[in-house]
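What follows is one structure encoded as structure tokens, with my remarks underneath.
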Amino acid sequence: MEKIPQPLMNASTLSGVLDKNLKKLADRLGVTLALRGDQLLIDGDAQRIAFAKHYFEMLHELREKGHDLREEDLLIALDMLEQGTCPSVDDYAPAEPLNLSRKSVSPKSLNQQAYIQAIKTHDLVFGIGPAGTGKTYLAMAMALAFLQNKAVNRIILTRPAVEAGEKLGFLPGDLIQKINPYLRPLYDALFDLFQYEQANRLIERGVIEIAPLAFMRGRTLNSAFIILDEAQNTTREQMKMILTRAGFDAKLVITADITQIDLPQPRKSGVIHAMKILAPLPEISFVHFNDKDVVRHPLVQKIIKAYQKAEARDDR
């Protein structure tokens, strides 16, 4: 067992509610962790203890250098160490939160941090990965931040209305009522980040537009932040169409979960085709998420892993 001082931050930040953070870190580090007064006890395999000790010493050094470490920084720093992308503390700088009208948003994993950085520096970004990894939510947060800072004049949110086992014609109501269920996740993210009345006013004024992908045809979108969600369900023709809508001073973020394609011929997904032919272009950023980036219920991570294992066996 290794004992190290625990001057990293206040004990409640490290341990979390009911030791949730400590348990999460222990699982990732492959050791047993316990707080005893001003000491952190580490137990387990010698090699894992050495890595854990290095990790906590890095947190201590970051704290000494004046970084105010938040809960999410604990896991991002661990991601960087595990992937070998952080040889020294000077390579790690906690991300600045996005301060929106309703809440402050920070990346909770290394890939989420890379995603936010990619959106800042690239005009076209693909966010690829499973459900619950923050692809749409963070894209929405960035869109609202750009609008708030007057970097764009409007936000366009769009999705393909692909029937996942259902037909639009059998749904009750007029066209808008039929389409709204497909756009609901975009509304959910918007209203979670912005004050309800403020968001509704922007929608009424057309500053924020939420529409099916088919409504984008023939338009040129200048000074706009465009988010195409659920892009795995676009055809090749639809993908080419949306990629060519961006005008001057526009940002385009495309999110997709290529394990959840509802098209009759999944191999003809527009996003898979685009990833192949656009990969050589340095102006385009591709950020890939995995189960470590899941920010939903902890069980969701395990479900995603179970499906990935099953699909890998099926492929063999």
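Please read all numbers here as calculations on a predicted model, not as lab measurements.
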Could you tell me whether a side-chain N or O of T158 sits under 3.5 Å from a main-chain N or O of A211, the two making a donor and an acceptor?
yes

Just so I know, are the side chains of L190 and L144 near enough to count as touching, which here means a heavy-atom distance under 4.5 Å?
yes

Let me confirm one number: the CG-OG distance from N99 to S104, rounded to the nearest 0.5 Å.
4.0 Å

Are L252 and F225 close enough, and set up right, to give a side chain to side chain contact (heavy atoms under 4.5 Å, CB included), and what steps lead you there?
CA-CA 6 Å; L252 176 55; F225 195 116; over 6 Å; no

Give the intermediate values and the outcome of side-chain hydrogen bond (donor to acceptor under 3.5 Å, both in side chains) for residues D249 and S223.
CA-CA 5 Å; D249 300 318; S223 191; 5.5 Å; no

Report the C-alpha distance between M216 and Q238 in whole Å, list the side-chain angles of each, state the deciding distance to 0.1 Å, and finish with yes or no for side chain to side chain contact (heavy atoms under 4.5 Å, CB included).
CA-CA 10 Å; M216 298 297 109; Q238 287 174 323; over 6 Å; no

Are the side chains of V271 and F126 in touch, meaning some heavy atoms are under 4.5 Å apart?
yes

Side-chain (K103) to main-chain (F194) donor-acceptor, under 3.5 angstrom:
no

Heavy-atom pair with the smallest gap, counting every atom of L110 and D79
N-OD2, 3.0 Å

Check the side chains of Y137 and D192 for a donor-acceptor pair under 3.5 angstrom, ignoring hydrogens and angles.
yes

Validation row: F56, L33 side chains within 4.5 angstrom (heavy atoms)
yes

For the student: nearest non-hydrogen atoms of I227 and A143, plus distance
CD1-CB, 4.1 Å

Is there a donor-acceptor pair under 3.5 Å between the side chain of N233 and the backbone N or O of I261?
no

Closest heavy-atom pair, L157 versus M140, reported as atoms and distance to 0.1 Å, is CD1-CE, 3.4 Å

About how many Å separate OG1 of T244 and CD1 of I242, when rounded to the nearest 0.5 Å?
8.0 Å

Looking at NZ of K120 and CD of Q117, how far apart are the two atoms once the value is rounded to the nearest 0.5 Å?
5.5 Å

Below 4.5 Å, heavy atoms only, C-beta onward: do I208 and R154 meet side chain to side chain?
no

Quick one: closest heavy-atom pair of G134 and Y115, and the distance?
O-CE2, 4.2 Å

Hey, are the side chains of L29 and L78 touching, using non-hydrogen atoms and a 4.5 Å cut-off?
yes

Does any N or O in the side chain of R102 come within less than 3.5 Å of the main-chain N or O of F191, such that one atom is a donor and the other an acceptor?
yes

Residue pair L98 / M142, side-chain heavy-atom distance below 4.5 Å:
yes

Side chains of M239 and I254, heavy atoms from C-beta outward: is any pair under 4.5 Å?
yes

Is Q232 reaching over with its side chain to a backbone N or O of Q260, donor-acceptor style, under 3.5 angstrom?
yes

Donor-acceptor contacts under 3.5 Å from residues 272-288 side chains, at least two apart:
none

Side chain of D45, backbone of Q47: donor and acceptor closer than 3.5 Å?
yes

Can you confirm whether the side chains of T32 and D43 place a donor and an acceptor under 3.5 Å from each other?
no

Result of checking N290, T133, D293 against S109 for side chain to side chain donor-acceptor pair (under 3.5 Å)
D293

What verdict does the side chain to side chain contact (heavy atoms under 4.5 Å, CB included) test give for V207 and L147, after you've listed the backbone C-alpha separation in whole Å, the side-chain angles of each residue and the deciding distance to 0.1 Å?
CA-CA 9 Å; V207 176; L147 183 67; 3.8 Å; yes

Closer than 3.5 angstrom, by distance alone: can the side chain of R245 be matched with the main-chain N or O of R217 as a donor-acceptor pair?
no

Judged by atom type as modelled, is there a donor-acceptor pair below 3.5 Å linking the side chain of K135 to the main-chain atoms of G129?
yes

Steps toward salt bridge (charged side-chain N to carboxylate O under 4.0 Å, His left out) verdict (E237, K268)
CA-CA 10 Å; E237 293 77 16; K268 292 192 175 180; over 6 Å; no

Check whether Q112 reaches the backbone of K108 with its side chain - one donor and one acceptor, N or O, closer than 3.5 Å.
yes

Let me see the working for L228 and T255 under side chain to side chain contact (heavy atoms under 4.5 Å, CB included), right down to the final yes or no.
CA-CA 6 Å; L228 169 60; T255 73; over 6 Å; no

Ignoring hydrogens and angles, tell me if any N or O in the side chain of K251 forms a donor-acceptor pair with the backbone of H122 under 3.5 Å.
yes

How about I155 and F146: do any of their side-chain heavy atoms sit closer than 4.5 Å?
no

Enter the distance from T136:OG1 to D229:CG here, rounded to the nearest 0.5 Å.
3.5 Å

For L81 against H54, the heavy-atom pair lying closest together:
CD2-NE2, 3.8 Å

Work out which heavy atom in A141 is nearest to a heavy atom in L193; give both atom names and the distance.
N-CD1, 3.6 Å

